[in-house]
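Input: a single structure, listed below in structure tokens.
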Amino acid sequence: MNTIARLLCLLPLIASTTMADTYPKRTLVAGSMVCYKAGDWTKMVEASLDQDEDEAGRLIESGKCRTISTATKVNFIEGPKDGDRSALIQLPSGKTAMTAIGWLR
């Protein structure tokens, strides 16, 4: 029974790895920003437009968003919709995140 439970726990990991191979690869440039939830990404964009450094700082300090320090290979999941300039990506860790389409090469 223990072996079956372990295999069931590994199934989502194997499935996500298999799916990740189907997405096109892009490079996220050094110095770019990512947020792990779409709502936090929207707040970060709004803070940037309003030049609200306090709100941007809170998002980063809370761990909801972060700056990518070195160029990083990511999986490109979904591009902009309805004139938006945001993209959904998968980081090497397997986490999904939102970023600006202009930061992807």
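Just so it is clear, the structure is predicted and the values come from calculations on it, not from any experiment.
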Rounded to the nearest 0.5 Å, what separation is found between the [atom1] atom of [X] and the [atom2] atom of [Y]?
X	Y	atom1	atom2	result
Met44	Thr99	CE	OG1	10.5 Å
Lys73	Ile89	NZ	CD1	13.0 Å
Glu53	Ile60	CD	CD1	10.0 Å
Gln90	Thr96	CD	OG1	7.5 Å

So which heavy atom on [X] is nearest to which on [Y], and how close?
X	Y	value
Arg105	Gly102	NH1-O, 2.6 Å
Val29	Ser32	O-OG, 2.7 Å
Lys95	Tyr36	CD-CE2, 3.9 Å
Phe76	Arg26	CB-CG, 3.6 Å
Thr27	Ala71	CG2-CB, 3.9 Å
Ala47	Ala56	CB-N, 4.0 Å

> Would Tyr23 and Leu88 count as a side chain to side chain contact (heavy atoms under 4.5 Å, CB included) if you check the C-alpha gap in whole Å, the side-chain angles of each, and the deciding distance to 0.1 Å?
Replying inline: CA-CA 11 Å; Tyr23 295 120; Leu88 178 63; over 6 Å; no
>> Between Thr72 (side chain only) and Thr70 (backbone N and O only), is there a donor and an acceptor less than 3.5 Å apart?
In response: yes
>> If you define the side chain from C-beta out and look only at heavy atoms, does anything of Asn75 sit under 4.5 Å from Lys25?
In response: yes
>> Regarding Arg58 and Glu55, does a basic nitrogen lie under 4.0 Å from an acidic carboxylate oxygen?
In response: yes
